[in-house]
Engineer: 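Okay, here's the structure, questions in a sec.
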Amino acid sequence: MSTGTNASGVSSEASITPVVVRLKLSLLRNGLRQSAGRRAAYITSVVVVLLFAALQLLGLIALRGNAHAVSVTVLLIAVLALGWAVMPLFFPSGDETLDPTRLVMLPLRPRPLVRALLVASLVGIGPLFTLCLLIGSVISVAHGTAAYVTGVVAVPVALLVCVALARAVAAANIRLLSSRKGRDLAVLSGLVVAIGAQVVNFGAQQLGSAGGLSRLDPAADVLRWVPPGSAIGAVDSMSKGSYGAGVVQLVLSVAALVGLLALWSRHLTLLMTSPDGSTLQAGETGARERVPTGGLRRLLPSGRTGTVMERSLRYVWRDPKTKAAWVTSLAIGLIVPVFNALQGTGSIYFACFAAGMLGIQMYNQFGQDTSAFWMVAMTIASPRDAYVELRGRALALLVITLPYATLVTVLTTAMLGDWPKLPEVLGLSFALLGAMLATGAWSSARFPYSIPQEGYKNVAPGQAGLAWIAIFGGMVSAALLTAPVIALTIWLNVTADGDRWSWLLLPLGAGYGALLTVFGLRMAAPRTARRLPEILAAVSKG
């Protein structure tokens, strides 16, 4: 890449910006040339984002004149800035120019490089979407010539603050994002989406209750002084004739931009002058990366059962896809009952959602091993070996699931104040968990499928049907197996003296779930031993 270097080898600052912009456009163009599917996905995303931006712009303009318009717009820009800050952490591969380490071998100084990358960052769907929201926000709150003049300055300043914030965060964490832990963080982005959706849903329901938009005013009064929300606050202050406050708010946004650019430049300097892991001696990193293994092993049973449990628990901790599935299930299993309880519309039986979400982890047990399953297959010579293998995996799952399901149930009960129903809900959760362990073990042997290690797909191409049958078929079977406990729970709740005997559902549900688990493992073991070649072929496909 030519950067117009002079005789001393220092790049010409005047030529860096257009070169980096052309580089950004070339990366985008070459990425779209890779496949028709990628082009279709990009065009579809552009159309959807532009339509959504247009609707948001019209909605903000329609908000003009509303008493709470400034509260809505300030909070909107604050949330938008937060999105700019965290998205590089979860989608580091979305923009190749986010990684400045690719440019460290070029004769570029940090200051002109910051300017060039800042301009290049304005090319894309995200900046266009942000620009539409900023323009709509200014139109919504601006009244008078001074406000519109301030808005002309506030819009680019707020946009540059968002972009510089994303770049500074990415530069500060680029070593993490390019490491294994960074890839784990990217895979866990689904968790943030799930939690964010529940938070937005909860907030929307609160706004729909008494008070409406006025509930936003206290938070907006604070955020209108925090960049980049202070840029919109400056426009509103100018509209109200508070010129001094408006100038201070605008200056705060400009100062934030200058500070972020300085921070970004500092991190670029460190990245270009400090060594990374590839320049360190192997002996220097070996001691730091060594992880003690004795502590966990001492807590587990001896023999093959303990070995299988340790391997499964290490998958949960170290494998990105397995970790993502577990953390997402843990989060959603807690969010659903707790958020429903907070909204006052929940039921204590929603606590069973925790056991159900974690029980899904028993399905496709061999798929998480991928091609490494051949090493496990070499140790299975009989149904007994297969039974011990499945039992160890089920026990590893129970180590996490049993205390977690109990904790979620107790927390939900405490929030709703319905303590008499705690034993029956715990019994129902344990019965459901046992049914899912049983059907999950059988489904793992009957419908195994591969989990690709790269990218965000959880099923290898051509195996989506197997995954649907395994998970949803197993869940339906688990519900049918739990039907006796469900029927007993309903009968005790409609019987006059049922409350006296509802505590029996705890030992009955726990015992029934244990029997189902043992039965399912014993049914799945012979099939696993017989189908080892087919299982190995299926899980190694990706």
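All values below come from the heavy atoms of this structure, side chains included, with hydrogens, waters and symmetry mates left out.
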Engineer: According to side chain to side chain donor-acceptor pair (under 3.5 Å), does anything in residues 138-155 pair up with another residue at least two apart or in another chain? List the pairs.
Structural biologist: Arg64-His143, Arg64-Tyr148
Engineer: Name all residues meeting the ring pair (Phe, Tyr, Trp, His ring centres under 6.0 Å) criterion together with Phe129; count only those two or more places apart in sequence or in a different chain, and write none if there are none.
Structural biologist: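 Partners of Phe129 by the ring pair (Phe, Tyr, Trp, His ring centres under 6.0 Å) criterion, ordered by chain and then number, come out as Phe52.
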Engineer: Is it the case that the side chain of Tyr363 and the backbone of Gly474 share a donor-acceptor pair, with hydrogens and angles ignored and the cut-off at 3.5 Å?
Structural biologist: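 Present.
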Engineer: I need the Leu422 CG to Thr406 OG1 distance, nearest 0.5 Å.
Structural biologist: 9.0 Å
Engineer: What's the spacing between Phe353 CZ and Ser329 OG if we round to 0.5 Å?
Structural biologist: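 Result: 9.5 Å between the selected atoms.
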Engineer: Side chains of Ser121 and Pro127, heavy atoms from C-beta outward: is any pair under 4.5 Å?
Structural biologist: no
Engineer: Distance check, rounded to the nearest 0.5 Å: Leu128 atom CG versus Ile125 atom CD1?
Structural biologist: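 Interatomic distance, Leu128 CG to Ile125 CD1, rounded to 0.5 Å: 8.5 Å.
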Engineer: Is any side-chain heavy atom of Met238 closer than 4.5 Å to a side-chain heavy atom of Ser242?
Structural biologist: no
Engineer: From Trp419 CH2 over to Ile348 CD1, what is the distance, rounded to the nearest 0.5 angstrom?
Structural biologist: 8.5 Å
Engineer: Within the 4.5 Å heavy-atom criterion, are Ile490 and Ile486 side-chain neighbours or not?
Structural biologist: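 Ile490 reaches Ile486 side chain to side chain.
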Engineer: Donor-acceptor pair, distance only, cut-off 3.5 Å: does the side chain of Thr73 make one with the backbone of Val70?
Structural biologist: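 Confirmed, Thr73 side chain pairs with Val70 backbone.
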Engineer: Just by modelled atom types, is the Leu261 backbone N or O under 3.5 Å from a matching donor or acceptor in the Ser265 side chain?
Structural biologist: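 Answer holds: no.
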Engineer: Any chance you could lay out the side chain to side chain contact (heavy atoms under 4.5 Å, CB included) test for Val425 and Cys352, step after step, and finish with the verdict?
Structural biologist: CA-CA 7 Å; Val425 176; Cys352 297; 4.2 Å; yes
Engineer: Under the side chain to side chain contact (heavy atoms under 4.5 Å, CB included) rule, what do Asn364 and Phe447 come out as? Steps first, then yes or no, please.
Structural biologist: CA-CA 7 Å; Asn364 196 35; Phe447 302 109; over 6 Å; no
Engineer: Give a yes or no on whether the backbone of Thr413 and the side-chain of Asp418 come within a donor-acceptor separation of less than 3.5 Å.
Structural biologist: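 Side chain of Asp418 to backbone of Thr413: no pair is present.
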Engineer: Looking only at side-chain N and O atoms, does Thr489 offer a donor or acceptor that is under 3.5 Å from a partner on Tyr349?
Structural biologist: no
Engineer: Let's go through Gln56 and Cys132 carefully: what are the C-alpha distance in whole Å and the side-chain angles of both, what is the deciding distance for side chain to side chain contact (heavy atoms under 4.5 Å, CB included) to 0.1 Å, and is it a yes or a no?
Structural biologist: CA-CA 8 Å; Gln56 291 290 311; Cys132 291; over 6 Å; no
Engineer: I'd like to know if the side chain of Tyr404 and the backbone of Leu358 have a donor-acceptor N/O pair within less than 3.5 Å.
Structural biologist: no
Engineer: Please examine the side chains of Trp317 and Thr322, heavy atoms only from C-beta on, and report whether any two atoms are closer than 4.5 Å.
Structural biologist: no
Engineer: Counting C-beta onward and ignoring hydrogens, is there a side-chain heavy-atom pair between Val141 and Ser239 closer than 4.5 Å?
Structural biologist: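 They are not in side-chain contact.
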Engineer: For Ser253 versus Val157, what's the shortest heavy-atom pair and its separation?
Structural biologist: CB-CG1, 3.7 Å
Engineer: Taking all atoms of both residues into account, what is the closest heavy-atom pair of Leu416 and Ser347, and its distance?
Structural biologist: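 Closest approach of Leu416 to Ser347, heavy atoms only: CD1-C, 3.6 Å.
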Engineer: Give, for atom CG of Leu480 and atom OG1 of Thr439, the distance between the pair rounded to the nearest 0.5 Å.
Structural biologist: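 Separation between the atoms: 10.0 Å.
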Engineer: Using atom types as modelled and distance alone, determine if a side-chain donor or acceptor of Thr412 lies under 3.5 Å from a backbone N or O of Phe350.
Structural biologist: no
Engineer: Looking only at atom types and distance, does a side-chain atom of Gln249 sit under 3.5 Å from a main-chain N or O of Arg224, one as donor and one as acceptor?
Structural biologist: yes
Engineer: Would you kindly say whether Thr130 and Trp84 are connected by a side-chain donor-acceptor distance under 3.5 Å?
Structural biologist: yes
Engineer: Test Ile135 against Ile139 for side chain to side chain contact (heavy atoms under 4.5 Å, CB included), laying out the working first.
Structural biologist: CA-CA 6 Å; Ile135 293 175; Ile139 295 175; 3.9 Å; yes
Engineer: Of the non-hydrogen atoms in Leu75 and Leu223, which two are nearest, and what is the gap between them?
Structural biologist: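 Between these two residues, the closest heavy atoms are CD2-CD1, 3.2 Å.
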Engineer: Kindly give the heavy-atom pair with the smallest separation between Leu60 and Leu133, and that separation in Å.
Structural biologist: CD1-O, 3.5 Å
Engineer: To check you understand the geometry: which heavy-atom pair defines the closest contact between Ala164 and Leu260, and what is its length?
Structural biologist: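 Shortest heavy-atom contact: CB-CB, 4.0 Å.
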Engineer: To check you understand the geometry: which heavy-atom pair defines the closest contact between Val539 and Pro448, and what is its length?
Structural biologist: CG1-CB, 4.0 Å
Engineer: So, does Ser230 use its side chain to make a donor-acceptor pair with the main chain of Leu250 at under 3.5 Å?
Structural biologist: no
Engineer: Rounded to the nearest 0.5 Å, what separation is found between the CD1 atom of Ile77 and the CD1 atom of Ile232?
Structural biologist: 5.0 Å
Engineer: Just so I know, are the side chains of Val226 and Val74 near enough to count as touching, which here means a heavy-atom distance under 4.5 Å?
Structural biologist: no
